[in-house]
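As structure tokens, the structure follows; a few thoughts come after it.
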Amino acid sequence: MRSRRVPRLLGVTVIVGILLAGVAGAAASPTVATGAATKVTTTTAILIGHVTPNGNATDYVFSYGPTTAYGATTAGRSVGSGTKPVAVTQAITGLTPGTVYHYRLTAINRSGTATGADRTFTTAGHPPAAVLTGSAVNVGKTVATPTAVINPEGALTTWV
């Protein structure tokens, strides 16, 4: 604080104070927004989102899987330490055709972690045939008849 004397007025000395203050931008936890999935095929998709580092060096990952337990996570990537939103994308592969996938974006920096909303997409194509193996019947010394139920899920299916 700087002070300055003002000339005496009516025998009273007045001191005027000027407080010079700056507001330093404190670094904070990142903020994230999980975006849409694009270019979805039978086995691939591109996940999109936005990360705002809020002044700290920040990394992000996408988590994805057939339930909200996810099960898979992409490799971590950096978005720097800026203060503006950064668009992020990640291609994922090895997906199962005709399957609903959940995904979300998570970012972390030294001030904390932020997780975006859960979103979903469905891969193209028919899901794999579902098979329920039953018990063997007509079991003899040299022969047995296996049983099963097969749901081809709308696709041409063969079995052996």
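Throughout, numbering of the chain's residues begins at 1 and tracks the sequence. All values below were derived from every heavy atom in this structure, side-chain atoms included, with hydrogens, water molecules and symmetry-related copies excluded.
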Please list all pairs passing the ring-ring contact (aromatic ring centres under 6.0 Å, His included) test where one or both residues lie in residues 33-81, with sequence neighbours left out.
none

Do any pairs count as a ring-ring contact (aromatic ring centres under 6.0 Å, His included) and have a residue in residues 95-116, sequence neighbours left out, and if so which ones?
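Sorted pair list: Tyr101-Phe121, Tyr103-Phe121.
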
Using modelled atom types and a 3.5 Å cut-off, is there a donor and acceptor pairing between side-chain atoms of [X] and backbone atoms of [Y]?
X	Y	value
Thr41	Thr44	yes
Ser63	Arg104	no
Asn109	Ala28	yes
Asn138	Ala144	no

List the atom of [X], the atom of [Y], and the distance in Å for their closest heavy-atom pair.
X	Y	result
Thr58	Pro30	CG2-CB, 3.9 Å
Thr123	Gly98	OG1-N, 3.0 Å
Val61	Thr74	CG1-O, 3.5 Å
Val88	Leu105	CG2-CD2, 4.0 Å
Val32	Gly116	CG2-N, 3.2 Å
Pro85	Thr52	CA-OG1, 3.4 Å

Could you tell me the separation between the CG atom of Leu47 and the NZ atom of Lys39, rounded to the nearest 0.5 Å?
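Here the interatomic distance stands at 13.0 Å.
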
Going from NE2 on His126 to OG1 on Thr99, what distance comes out if it is rounded to the nearest 0.5 angstrom?
12.5 Å

Taking atom types as modelled, find out whether Asn56 and Ser81 have a side-chain donor-acceptor pair closer than 3.5 angstrom.
no

If hydrophobic clusters are built by linking Ile, Leu, Val, Met, Phe, Trp and Tyr wherever their side-chain heavy atoms come under 4.5 Å apart, do [X] and [Y] end up in the same one?
X	Y	answer
Leu95	Val40	yes
Val79	Ile108	no
Val51	Ile46	no

Those residues at least two apart in sequence (or on a different chain) that pass side-chain contact (heavy atoms from CB on, under 4.5 Å) with Val143 are none

